[in-house]
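Right, one structure below, let's go through it.
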2 protein chains.
Amino acid sequence: MSLTRSDAGGPGDPPARRARRVSMADVARRAGVSAQTVSRVSNGHPGVVDSTREQVLAAMQELGYRPNSAARALKYGQFRTIGVILFTLATVGNSRTLEAIVDHAAEEGYAITLIPVAVPTRDGVLGAFTRLGELAVDAVIVSMEVHLLDAATVNLPVGVPVVVVASDADDRYVVVDTDQVDGARRAVRHLLDLGHRTVWHVTGPEGSFVAERRATGWRTTLEQAGRPVPPLAHGDWSAESGYRAGLALADEPDCTAVFAANDQMALGLLRAFHEKGKVVPRDVSVVGFDDIPDSASFIPPLTTVHQDFAEVGRRCVERVLRQVRNKPVEPGTTLVPTRLVLRESTARPPA
Amino acid sequence: MSLTRSDAGGPGDPPARRARRVSMADVARRAGVSAQTVSRVSNGHPGVVDSTREQVLAAMQELGYRPNSAARALKYGQFRTIGVILFTLATVGNSRTLEAIVDHAAEEGYAITLIPVAVPTRDGVLGAFTRLGELAVDAVIVSMEVHLLDAATVNLPVGVPVVVVASDADDRYVVVDTDQVDGARRAVRHLLDLGHRTVWHVTGPEGSFVAERRATGWRTTLEQAGRPVPPLAHGDWSAESGYRAGLALADEPDCTAVFAANDQMALGLLRAFHEKGKVVPRDVSVVGFDDIPDSASFIPPLTTVHQDFAEVGRRCVERVLRQVRNKPVEPGTTLVPTRLVLRESTARPPA
DNA sequence: ACCGGGGATGTTTACGCAAACATTGCGGCG
DNA sequence: CGCCGCAATGTTTGCGTAAACATCCCCGGT
């Protein structure tokens, strides 16, 4: 299989002399036509007689011609590619959002290039933005859930359309996000409506915008209802951290309802309560956030706040492509609504 | 959605007239130097006097210059980008493998472009390969777990280094995969060693190579041990499908051990057994496959076969980059070993 | 004072493609 | 019978960059 390329020879190194790839000129020579005719055939343009077209096609086949996308992009000034900057695919939210972005971009004929930020430090982010300048992308979607955006935005290349997901970048940017605050409100209201006196909360890692917003929704809902606000339990999105939080919560005598900032931590809670002999939902009610597919199979199936990842992805792509196409896009935040999915992990509080 | 593709101004359409981007020539003019000097500054080449360098840098800043990667790629003949073809990010395996690929590619200075195959039909695959020809990638990693590769490989662009993951593409290709058969063997052996007479199996969707290989490992291990081979239960990787399979399995009187082809289906099994009043592992033992992070927080924590996704990703990148760099790579399959992670879902069979 | 050398910078060129423009050839019509 | 018009194809050009080569100038040595 094809060892065409030579030693790395990237920018910075002298480009190694390589077996030149077959170009339009080669095909043209072989087919006995001009390069322009090859171009026309290659792009399906009209005005080429069938016999000629076939000769060209045959020549392409024989030579294994592949159009050079660099040259094409240089000509068109576009790559039909969107860059996505993110920290990790390990969280369900990130990977589902990415999938939605990929799918909708594909519908529009755009591919996605991932620009990972290895370490979520300031330098890491700056590095990603720098690399961005060298990358073959027409626009960028930034998915950063930690407090590093400000440091980084300074460096956002001018002239590249940008859409930001799941952050609270200021209004100069185009932002798309799930309505975290309202989602949390729904979760808390549901528990309150069931008769629970108050609701405990297991939050996400420090510095996470998303975690902060969900906690805000939780706190303000309690305050507005005039309920006491219990101390916050800290997690890091992982089931394991939810388990640890649950072990502690199980010892709180008046804890009858817990809202976990994501489904994975809710899973940990369920296990902790189970081990401590507390029956969900008889003794404690649990609500999650995300509605990952697995949550319907937890024991018991989890009541949770459904995030419409597909819609978030769709809107990101739509808004970023509007910019690429020079259509007006006003900065500001687009919120995608959530909905509460009722399953079996919530009930009235024990009498 | 769907602003039509014709708005895009891509190949085939007249390129949208856009404000021409700032080029080296513009910077050169502004700084009062030649384009070549700008190039030298831009690439950090030596031989530019400090005062000149600063002028150029200033001009770049003012004008918001960004190097044009298309032109660069055209010059160098490389994009420093690897294309990854996959069906979906919804399964944990895919997204974790992708993450590993992204990370290791980044270490080597390569970005990843995703080429989604919307529908896993023959046409879908062919379409992806066709688009591939237009994409700015130096190599391709194909992650396809269904039986469509043969139809598609015919069309694999010549001259592009390719590595295939998780499939049984024939030996003409470079293949990297987890050792599925051996992983399944470990799971089954473990259960047999505990004293179970035989092991039932919940397999993945029809047509999945991975599912097939795990089922093969299960079956041959049983056969070699001279144990009866129970009928196969069919799932589709989802927890829900595992749940349905579990409901049926719970009614089999002599079913004391189940090996699920992935952790998510195992989750469904746990729930089904729980609902049917069967205690895991006292009444039934369950083993999963993948070792997703959540599985440690299942009720009970799941014994499962750990897949080293990071290693799979690393090897894919390594082997594909060897090809890019024209180093020898012999076709054939590289198997990444698994290991069994013992947790609390397995025990001796009921007496 | 003159020349050689080398560092700093400028000029030319090619990368592969496709738009714009140029040429060829053929059929139909006055 | 000659010319027009159009369809098919060819030629030129430029996209932005950076290697290769050319030039300039200053400085030190003789």
Side-chain angles (χ1 to χ4, degrees), chain A residues 5-6 9-29 31-56 60 63 65-80 133-134 136 159, chain B residues 9-29 31-56 60 63 65-80 133-134 136 159:
Chain A
R5 306 225 175 239
S6 62
D13 307 313
R17 68 250 157 284
R18 47 168 43 80
R20 226 184 74 280
R21 271 225 333 237
V22 335
S23 75
M24 282 199 347
D26 302 320
V27 176
R29 209 169 309 119
V33 301
S34 74
Q36 185 55 39
T37 298
V38 176
S39 168
R40 282 191 267 255
V41 171
S42 174
N43 294 306
H45 286 192
V48 180
V49 120
D50 280 354
S51 60
T52 310
R53 157 168 285 111
E54 268 154 40
Q55 275 173 41
V56 172
M60 285 180 171
L63 267 36
Y65 170 74
R66 254 187 3 124
N68 177 316
S69 35
R72 224 184 181 101
L74 179 56
K75 205 110 246 281
Y76 283 126
Q78 288 198 207
F79 288 97
R80 300 195 74 83
E134 301 165 9
Chain B
D13 307 309
R17 69 249 156 284
R18 48 165 34 78
R20 221 184 79 279
R21 271 221 342 230
V22 181
S23 78
M24 282 201 346
D26 302 318
V27 176
R29 210 168 306 119
V33 299
S34 74
Q36 185 54 43
T37 298
V38 176
S39 167
R40 283 191 267 255
V41 171
S42 174
N43 293 308
H45 286 191
V48 179
V49 123
D50 279 354
S51 60
T52 309
R53 159 168 284 112
E54 268 154 39
Q55 275 174 39
V56 173
M60 284 179 171
L63 267 35
Y65 169 74
R66 265 196 343 133
N68 178 316
S69 36
R72 230 186 175 99
L74 179 56
K75 256 253 124 210
Y76 283 127
Q78 287 201 206
F79 289 97
R80 300 197 74 83
E134 303 168 6

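Just so it is clear, the model here is predicted, and its values are computed rather than measured. By convention in this document, chain letters (A, B, ...) are assigned in the order of the sequence lines, proteins followed by strands, and residues within each chain are numbered from 1.
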Can you see which heavy atom on [X] is nearest to which on [Y], and at what distance?
{"X": "Arg53(B)", "Y": "His45(B)", "value": "NH2-O, 3.2 Å"}
{"X": "Ala31(A)", "Y": "Gln55(A)", "value": "O-OE1, 3.3 Å"}
{"X": "Leu63(B)", "Y": "Val22(B)", "value": "O-CG2, 3.2 Å"}
{"X": "Tyr65(B)", "Y": "Ser23(B)", "value": "CE1-C, 3.7 Å"}
{"X": "Ala28(B)", "Y": "Ser34(B)", "value": "CB-C, 3.6 Å"}

Separation of [N] [atom2] from [X] [atom1] (nearest whole Å):
{"X": "Gln78(A)", "N": "dA18(C)", "atom1": "CD", "atom2": "C1'", "value": "15 Å"}
{"X": "Met24(B)", "N": "dT9(C)", "atom1": "CE", "atom2": "C1'", "value": "13 Å"}
{"X": "Leu74(B)", "N": "dA19(D)", "atom1": "CG", "atom2": "P", "value": "13 Å"}
{"X": "Arg53(A)", "N": "dA7(D)", "atom1": "CZ", "atom2": "P", "value": "15 Å"}
{"X": "Asn43(B)", "N": "dA19(D)", "atom1": "CG", "atom2": "C1'", "value": "11 Å"}
{"X": "Lys75(B)", "N": "dG14(D)", "atom1": "NZ", "atom2": "P", "value": "19 Å"}
{"X": "Phe79(B)", "N": "dG16(C)", "atom1": "CZ", "atom2": "C1'", "value": "11 Å"}
{"X": "Arg29(B)", "N": "dG16(D)", "atom1": "CZ", "atom2": "P", "value": "11 Å"}

- Item | Any Asn68(B) side-chain nitrogen or oxygen under 4.0 Å from OP1 or OP2 of dC15(D) |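 Indeed not, no polar side-chain atom of Asn68(B) lies that close.
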
- Item | Tyr76(B) side-chain N/O to dG16(C) phosphate OP1/OP2 under 4.0 Å | no

- Message: Any non-hydrogen side-chain atom of Asn43(A) less than 4.5 Å from a side-chain atom of Arg72(A)?
- Response: yes

- Note on the structure: Ranking dG16(D), dT9(D), dA18(D) by distance to the side chain of Thr52(A), first place goes to dT9(D)

- Message: By the 4.0 Å heavy-atom rule, please label Val48(B) as base, sugar-phosphate, or nothing.
- Response: sugar-phosphate

Report, one pair per line, the protein and nucleotides 10-12 of chain C atoms (nitrogen or oxygen only) whose separation is under 3.5 Å.
from	atom 1	to	atom 2	distance (Å)
dG10(C)	OP2	Ser34(B)	N	2.8
dG10(C)	OP2	Ser34(B)	OG	3.0
dG10(C)	OP2	Thr37(B)	OG1	2.8
dG10(C)	N7	Arg40(B)	NH2	3.0

- I would like to know whether Met60(B) and Val38(B) meet side-chain contact (heavy atoms from CB on, under 4.5 Å); could you show each step before the answer? CA-CA 9 Å; Met60(B) 284 179 171; Val38(B) 176; 3.8 Å; yes

